[in-house]
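Reading through the structure tokens given below for one structure.
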Amino acid sequence: KGGGMMRSQIPVFRLPPSVLDEEVGYILELGLKQHFNTKVDSLKAVLAKEYDAVFVGTGAPRGSDLELPGRQEAAANIFVGIDWLSSVSFGHIDKIGKRVIVLGGGNTAMDCCRSARRLGGESVQVVVRSGFEEMKASPWEKEDAMHEDIPIHNYLVPKSFSHENGRLTGITFEKVKAERDAKGRRNLVPTGEPDQHFPCDDVLVAVGQENAF
């Protein structure tokens, strides 16, 4: 069974295991040699085997965190999205608070908000620092989320997590707008409007991923 990240970090409602098994099957049937359960701890050793080419496709499974004021105090209710998706996939997590905020505008954020909906999130909202059009999520992913009654709020930058007695109570955001400088580069600048506070019980952080290599 191949496709580790695809199996553990893409929700089954979006990629059923049967479909993944079939797709991986097509590749394996091409007759290539497979080495599963094999740890690679030296790239030098791989290169020494004199293959004509080496392709490294380890993915970017390490989710970025947001070290903002209140992050440590409210840690029990703040999850890194991609790790949370794995925990859901493996059955370690099977419920979530009633009010959920997902931070981020990519496909992982869309997977998080739709999964949160299925785990009992009554009010699930997505908050993104960019505009709607600049979001990295595929157009159909955004549409699927909105069809599930999940609003997407744009041009809001998270500033701090509010908490009380060690429990998360919400997130404070700064309102920004997009402006272009003299070189045509797009910058997000504060509008000067009052900060906005969104109350919530749990937060899923899906603001980017890094290589784990």
Side-chain angles (χ1 to χ4, degrees), residues 9-11 14 60-89 93 95-139 141-146 148-164 166-178 186-191 193-210:
Q9 291 169 338
I10 297 179
R14 190 153 80 80
R62 187 180 291 134
S64 304
D65 206 338
L66 274 181
E67 291 300 335
L68 299 172
R71 171 68 180 90
Q72 298 310 317
E73 292 87 341
N77 301 99
I78 301 171
F79 306 90
V80 173
I82 199 147
D83 299 337
W84 182 82
L85 287 170
S86 290
S87 295
V88 171
S89 174
I93 289 177
K95 62 180 186 292
I96 197 160
K98 289 183 178 178
R99 300 171 303 170
V100 182
I101 289 180
V102 177
L103 299 174
N107 284 338
T108 299
M110 299 303 105
D111 288 344
C112 283
C113 68
R114 296 179 67 202
S115 296
R117 209 79 178 106
R118 284 157 177 75
L119 292 191
E122 291 174 13
S123 164
V124 180
Q125 304 180 75
V126 176
V127 185
V128 196
R129 60 191 303 145
S130 72
F132 186 81
E133 296 304 323
E134 290 81 43
M135 288 170 63
K136 291 189 172 78
S138 311
E141 297 290 346
K142 294 191 273 192
E143 283 168 25
D144 285 347
M146 291 188 293
E148 292 182 16
D149 200 23
I150 300 170
I152 296 173
H153 306 280
N154 295 93
Y155 292 123
L156 288 167
V157 177
K159 284 180 72 177
S160 62
F161 298 104
S162 57
H163 51 90
E164 214 170 276
R167 189 159 186 82
L168 176 81
T169 55
I171 311 176
T172 299
F173 294 93
E174 181 175 50
K175 186 73 177 166
V176 295
K177 61 184 176 182
R186 199 176 143 281
N187 295 315
L188 295 174
V189 298
T191 63
E193 294 171 63
D195 289 344
Q196 297 183 23
H197 184 262
F198 283 53
C200 61
D201 303 307
D202 284 310
V203 173
L204 302 175
V205 180
V207 294
Q209 284 156 231
E210 302 159 11

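Heavy atoms only: backbone and side chains are in, while hydrogens, waters and symmetry mates are out.
- With sequence neighbours excluded, the residues that form a side chain to side chain donor-acceptor pair (under 3.5 Å) with S64 are E210.
- By the neighbour-count criterion of 12 heavy atoms within 6.0 Å, atom NZ of K175 is densely surrounded, having more than that number from other residues, nucleotides or ligands.
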If you look only at distance, which donor and acceptor atoms sit under 3.5 Å apart when one is on a side chain in residues 101-114 and the other is two or more places apart or in another chain?
residue : atom : partner : partner atom : Å
N107    : OD1  : S138    : N            : 2.9
N107    : ND2  : S138    : OG           : 3.3
T108    : OG1  : Q209    : OE1          : 2.7
D111    : OD1  : R14     : NE           : 2.6
D111    : OD1  : R14     : NH2          : 3.3
D111    : OD2  : R14     : NH2          : 2.8
R114    : NE   : E148    : OE2          : 3.0
R114    : NH2  : E148    : OE2          : 3.1

Please table the atom pairs, donor to acceptor, closer than 3.5 Å between any side-chain atom in residues 121-134 and protein atoms at least two apart or in another chain.
residue : atom : partner : partner atom : Å
Q125    : OE1  : H153    : NE2          : 2.6
E134    : OE1  : G131    : N            : 3.1
E134    : OE1  : R186    : NH2          : 3.4

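- For the residue pair H163 and G70, the shortest heavy atom distance occurs at CD2-CA, 3.8 Å.
- Here the CD1 atom belonging to I10 is positioned 9.0 Å from the CD1 atom belonging to I82, to the nearest 0.5 angstrom.
- Among all heavy-atom pairs drawn from P151 and D149, the shortest one is CD-O, 3.6 Å.
- Taking the side chain to side chain donor-acceptor pair (under 3.5 Å) definition, one finds that R117 meets it with nothing, sequence neighbours left out.
- Taken from CZ in F198 to CZ in R99, the straight-line distance is 12.5 Å, to the nearest 0.5 Å.
- Partners of K159 by side chain to side chain donor-acceptor pair (under 3.5 Å), not counting sequence neighbours, listed by chain and number: D195.
- Of all heavy-atom pairs between I171 and P158, the closest is CG2-CB, 4.2 Å.
- The closest donor-acceptor contact from the side chain of T169 to the backbone of S162 lies under 3.5 Å.
- Here E73 contributes atom CD and R167 contributes atom CZ; the two are 15.0 Å apart, rounded to the nearest 0.5 Å.
- Other residues, nucleotides and ligands contribute only 12 or fewer heavy atoms inside 6.0 Å of the CD atom of E164.
- For the atom pair CG (L156) and OG1 (T172), the distance works out to 11.0 Å, reported to the nearest 0.5 Å.
- In this structure, NZ in K142 is found 14.5 Å from CD1 in I150, a value given to the nearest 0.5 Å.
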Is there a side chain to side chain contact (heavy atoms under 4.5 Å, CB included) between R118 and V88 once you walk through the steps?
CA-CA 11 Å; R118 284 157 177 75; V88 171; over 6 Å; no
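- Rounded to the nearest 0.5 Å, atoms CD1 (I96) and CH2 (W84) are 4.5 Å apart.
- Taking the side chain to side chain donor-acceptor pair (under 3.5 Å) definition, one finds that N77 meets it with D202, sequence neighbours left out.
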